[in-house]
Asker: 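Here it is: the structure, laid out below.
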Amino acid sequence: MPDFPILRRDLLIGAGAALAMMATATGSRAAQPPPPARDPEGGPPTPDQQRRMQWWHEAKFGMFIHFGLYAGHERHEWAMEDEAIPVSEYQCFTSLYNPKPGSARAWARLAKAAGMKYMVLTSKHHEGFCNWDTKLTNYNAVQFGPKRDVLREFVEAARAEGLRVGFYYSLMDWHHPDGARCLNDEAARRRFVDYTHGLIRELLTHYGKIDVLWYDVSWPLDADGWESEKMNQMVFALQPDIIVNNRNRLAGDFSTPEQRIVAAGSGHAWESCMTLNDSWGYQRADDNWKSARTVVRNLISCARDGGNYLLNVGPMPDGSVPPESVRILQEVGVWMKANGDTIYKSEPCDTHISTYSNFTRSGNTLYMHVHFWPGSDLSISGLKVKVLSARLLKSGAAVTVTQDAYRTHLTGLPQDAPDSPVTTVALECDGIPTQDTQFVRVNKPRAGVGL
């Protein structure tokens, strides 16, 4: 598997290139190559970004929810395109999309129990169906399917649990007649961009304060084609405290590595979004679930490198979260109750090399998160500060520490892991912990050629 897996939106390049060739043949304004697959990253945060994003940096952990007509089809949120389902046939899935009352409250309670601090719901995915009472199309959840404003129920549920509220919005639209021809037809582009800006205006006007706007898939236009600068100006005029991502072809407030953990450069904020299995929307046959241990390890890695973790659930057609998702998140929540401060209060951490553990830090305290418990002793290579004391975080039991220039050695530990799925050891240091394993490689004394 490559280090940088091919993302779904990357697959759009080929189709975009074909449309670009069509545009060249017609000589339209959009006769340019499609935008690159990688969304832009920004630089260090401005003072205004620091103000708006303080809560987000403290939150660390959020719930992503993909919920739309694709849940009724039960075959993944990309089925409409991947199976080439005709629009007339796909629209029939509205009869299968029927979240029961109280579904959103259950999502919010689960998110809170898991230790998540914010939620982001798909207001409109690529299929084009709107989960709110929009006045710009009747292809929405108030006219079809549940015949209720799913988005309003979500907002009220999140706020009832004290969670921040985010809206996902797909720029790409497989249903709207101008969704593809806008690339090579200026009149179509004008109609579709006006429609898009109008929908976003509704989202940010009728639901009170919204904390996050999460754009997705900008195909087939670039930032100029979408009028993204104007789009974001409208967004901030309506919601001065909101934060936006980078998927409308502007750098935004944070970048969005998908299905991988990669810190942004230049000090720009970032959030890794991932699925719990291999699907964003509900896919009944997808049983490739991440374990609670994997989820915790990913969360630790994001916190260590200064990022956030947005973890997805895909509710079933009746709005209930798949039982396996519930079980995993509840297990994560138990761990977070005992260990949450090692995540929420974490700062970027230089220490990261170990074969059985990962690290976060808060000030001079280094947290060693052991996911493969080796037994009665643990070691850290190349730690460049003095450890004053160590303890098992869950029980508070003291741990014996010895150090030399190369190894920090923790002994007298239980043979079996004292916590699950990850055990945390807190090390109080005499300075900000840093690590230099290259120093160990070069300088650690060696013996002779033989024994």
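Start at 1 with the first residue, then count along the sequence.
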Asker: Just by distance, do the side chain of Gln403 and the backbone of Val387 share a donor-acceptor pair under 3.5 Å?
Answerer: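 Yes; at least one donor-acceptor contact below 3.5 Å.
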Asker: What do the steps show when you test Arg249 against Asp222 for salt bridge (Lys or Arg N to Asp or Glu O under 4.0 Å), and what is the final call?
Answerer: CA-CA 6 Å; Arg249 290 300 185 229; Asp222 59 12; over 6 Å; no
Asker: For Tyr356, which residues count as a side chain to side chain contact (heavy atoms under 4.5 Å, CB included) partner, sequence neighbours excluded?
Answerer: Ser354, Met368, Val370, Phe372, Pro374, Leu378, Ser379
Asker: Identify, with sequence neighbours excluded, every residue that meets salt bridge (Lys or Arg N to Asp or Glu O under 4.0 Å) alongside Lys384.
Answerer: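 For Lys384, no residue satisfies salt bridge (Lys or Arg N to Asp or Glu O under 4.0 Å) once neighbours in sequence are set aside.
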Asker: Could you tell me the separation between the CE atom of Met63 and the CG atom of Leu276, rounded to the nearest 0.5 Å?
Answerer: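 Going from CE on Met63 over to CG on Leu276, the span is 8.5 Å.
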Asker: Consider only side-chain N and O atoms of Thr294 and Ser291, and report whether a donor and an acceptor are under 3.5 Å apart.
Answerer: yes
Asker: Between Gln435 and Ser381, is there a donor-acceptor pair closer than 3.5 Å when you use the side chain of the first and the backbone of the second?
Answerer: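 Indeed, once roles are kept as given, a pair shorter than 3.5 Å links the two residues.
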Asker: Looking at Arg284, I'd like to know if its CZ atom is crowded, meaning that more than 12 non-hydrogen atoms belonging to other residues, nucleotides or ligands lie closer than 6.0 Å.
Answerer: no
Asker: What do you reckon, is CZ of Arg201 surrounded by more than 12 foreign heavy atoms closer than 6.0 Å?
Answerer: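 It does not: Arg201 CZ has 12 such atoms or fewer within range.
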Asker: Can you tell which of His125, Glu127, Lys124, His126 makes a side chain to side chain contact (heavy atoms under 4.5 Å, CB included) with Met172?
Answerer: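 That would be His126.
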Asker: For atom CD of Glu347, is the number of surrounding heavy atoms from other residues, nucleotides or ligands below 6.0 Å larger than 12?
Answerer: yes
Asker: Is it true that the NZ or CZ of Lys444 lies under 6.0 Å from the centre of Tyr406's six-membered ring and within 45 degrees of the ring axis?
Answerer: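 Relative to the ring axis of Tyr406, which defines the angle, Lys444 lies outside at least one limit.
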Asker: Would Asp48 and Thr46 satisfy side chain to side chain donor-acceptor pair (under 3.5 Å), going step by step from the backbone distance to the final call?
Answerer: CA-CA 5 Å; Asp48 184 61; Thr46 66; 5.3 Å; no
Asker: Under the side chain to side chain contact (heavy atoms under 4.5 Å, CB included) rule, what do Arg407 and Ile380 come out as? Steps first, then yes or no, please.
Answerer: CA-CA 6 Å; Arg407 179 169 73 157; Ile380 304 173; over 6 Å; no
Asker: Between Asn245 and Ser255, is there a donor-acceptor pair closer than 3.5 Å when you use the side chain of the first and the backbone of the second?
Answerer: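 No, Asn245 side chain to Ser255 backbone: no donor-acceptor pair under 3.5 Å.
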Asker: Taking the six-membered ring for Trp, are the ring centroids of Phe167 and Trp132 within less than 6.0 Å of each other?
Answerer: no
Asker: Apply side chain to side chain donor-acceptor pair (under 3.5 Å) to His371 and Arg293, showing your working.
Answerer: CA-CA 7 Å; His371 46 263; Arg293 175 189 288 174; over 6 Å; no
Asker: Checking Thr275 side chain against Asn277 main chain: does a donor-acceptor pair fall under 3.5 Å?
Answerer: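 Side chain of Thr275 to backbone of Asn277: a pair is present.
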Asker: Evaluate Arg247 against Glu258 for salt bridge (Lys or Arg N to Asp or Glu O under 4.0 Å), listing each step before the verdict.
Answerer: CA-CA 12 Å; Arg247 294 196 181 184; Glu258 183 174 324; 3.0 Å; yes
Asker: For a side chain to side chain contact (heavy atoms under 4.5 Å, CB included) check, start with the C-alpha distance between Asn248 and Ser218, then their side-chain angles and the critical distance, and finish with the verdict.
Answerer: CA-CA 6 Å; Asn248 69 341; Ser218 58; 5.8 Å; no
Asker: Carefully, step by step, assess Asp318 and Ser103 under the rule side chain to side chain donor-acceptor pair (under 3.5 Å).
Answerer: CA-CA 8 Å; Asp318 69 353; Ser103 296; over 6 Å; no
Asker: Is the shortest side-chain N to carboxylate O distance from Lys60 to Glu271 below 4.0 Å?
Answerer: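 Result for this pair is no, no salt bridge flagged.
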Asker: Should the pair Asp133-Arg152 be classified as a salt bridge under the 4.0 Å nitrogen-to-oxygen rule?
Answerer: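 Arg152 and Asp133: not salt-bridged.
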Asker: For a salt bridge (Lys or Arg N to Asp or Glu O under 4.0 Å) with Glu153, tell me which candidate from Arg105, Arg148, Arg159, Lys100 qualifies.
Answerer: Arg148
Asker: Quick one: salt bridge (Lys or Arg N to Asp or Glu O under 4.0 Å) partners of Lys117, sequence neighbours excluded?
Answerer: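 Partners of Lys117 by the salt bridge (Lys or Arg N to Asp or Glu O under 4.0 Å) criterion come out as none, since no residue qualifies.
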Asker: For Tyr97, what residues pass the ring pair (Phe, Tyr, Trp, His ring centres under 6.0 Å) criterion, not counting sequence neighbours?
Answerer: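 For Tyr97 the ring pair (Phe, Tyr, Trp, His ring centres under 6.0 Å) partners, ignoring immediate neighbours, are Phe67, Phe129.
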Asker: Would you check, one step at a time, whether the test ring pair (Phe, Tyr, Trp, His ring centres under 6.0 Å) holds for Trp226 with Tyr215?
Answerer: CA-CA 12 Å; Trp226 286 113; Tyr215 299 115; 9.4 Å; no
Asker: Aromatic contact between His73 and Tyr282, with the criterion being ring centroids under 6.0 Å apart: yes or no?
Answerer: no
Asker: When you check the side-chain N and O atoms of Asp149 and Tyr207, is any donor under 3.5 Å from an acceptor?
Answerer: yes
Asker: Examine distances only and state if a side-chain atom of Trp373 and a backbone atom of Gly375 form a donor-acceptor pair shorter than 3.5 Å.
Answerer: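 Answer holds: yes.
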Asker: Can you sort out the partners of Asp419 under salt bridge (Lys or Arg N to Asp or Glu O under 4.0 Å), two or more places apart, ordered by chain and number?
Answerer: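 Expected list: Lys394.
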Asker: If we count only N and O atoms by modelled type, under 3.5 Å, do the side chains of Asp377 and His409 hold a donor and an acceptor together?
Answerer: yes
Asker: Taking Asp286 for the side chain and Asn288 for the main chain, is one N or O donor matched with an acceptor at less than 3.5 Å?
Answerer: yes
Asker: Report yes or no: does Gln330 contribute a side-chain atom to a donor-acceptor pair with the main-chain N or O of Ala114 at less than 3.5 Å?
Answerer: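 A pair under 3.5 Å: no.
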Asker: About how many Å separate CH2 of Trp270 and CG of Asn308, when rounded to the nearest 0.5 Å?
Answerer: 8.0 Å
Asker: With sequence neighbours excluded, tell me which residues meet side chain to side chain contact (heavy atoms under 4.5 Å, CB included) with Ala303.
Answerer: Ile343, Ser346, Thr360
Asker: Once the angle between the rings of Tyr70 and His66 is folded into 0 to 90°, is it parallel (under 30°), tilted (30 to 60°) or perpendicular (over 60°)?
Answerer: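 It falls in the tilted class, 30° to 60°.
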Asker: I'd like to know if Arg164 pairs up with Glu58 as an ion pair, taking the criterion as any Lys NZ or Arg NE/NH1/NH2 lying under 4.0 Å from an Asp or Glu carboxylate oxygen.
Answerer: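 Result for this pair is no, no salt bridge flagged.
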Asker: Among Asn339, Val332, Val334, whose side chain to side chain contact (heavy atoms under 4.5 Å, CB included) with Met336 holds?
Answerer: Val332
Asker: Does Val295 form a side chain to side chain contact (heavy atoms under 4.5 Å, CB included) with Met274? I'd like the steps, not just the answer.
Answerer: CA-CA 10 Å; Val295 170; Met274 284 192 189; over 6 Å; no
Asker: Examine distances only and state if a side-chain atom of Asp430 and a backbone atom of Lys386 form a donor-acceptor pair shorter than 3.5 Å.
Answerer: yes
Asker: How long is the straight-line distance from CH2 of Trp107 back to CG of Leu329, given to the nearest 0.5 Å?
Answerer: 14.0 Å
Asker: Run through Tyr169, Phe64, Trp56 and flag the one making a ring-ring contact (aromatic ring centres under 6.0 Å, His included) with Trp214.
Answerer: Phe64
Asker: For Asn364 and Glu428: C-alpha separation, side-chain torsions, deciding distance, then whether side chain to side chain contact (heavy atoms under 4.5 Å, CB included) applies.
Answerer: CA-CA 6 Å; Asn364 293 348; Glu428 303 297 336; 5.8 Å; no
Asker: For Ile300, does its backbone N or O pair with a side-chain atom of Asn358 as donor and acceptor, under 3.5 Å?
Answerer: no
Asker: Under 3.5 Å, is there a donor-acceptor pair between the Tyr118 and Asp211 side chains?
Answerer: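 Asp211 and Tyr118 do not have a side-chain donor-acceptor pair below 3.5 Å.
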Asker: Centroid-to-centroid, Trp78 to Trp174, below 6.0 Å?
Answerer: yes
Asker: Please answer whether the main-chain N or O of Glu74 pairs with a side-chain N or O of Gln283 as donor and acceptor at a distance below 3.5 Å.
Answerer: no
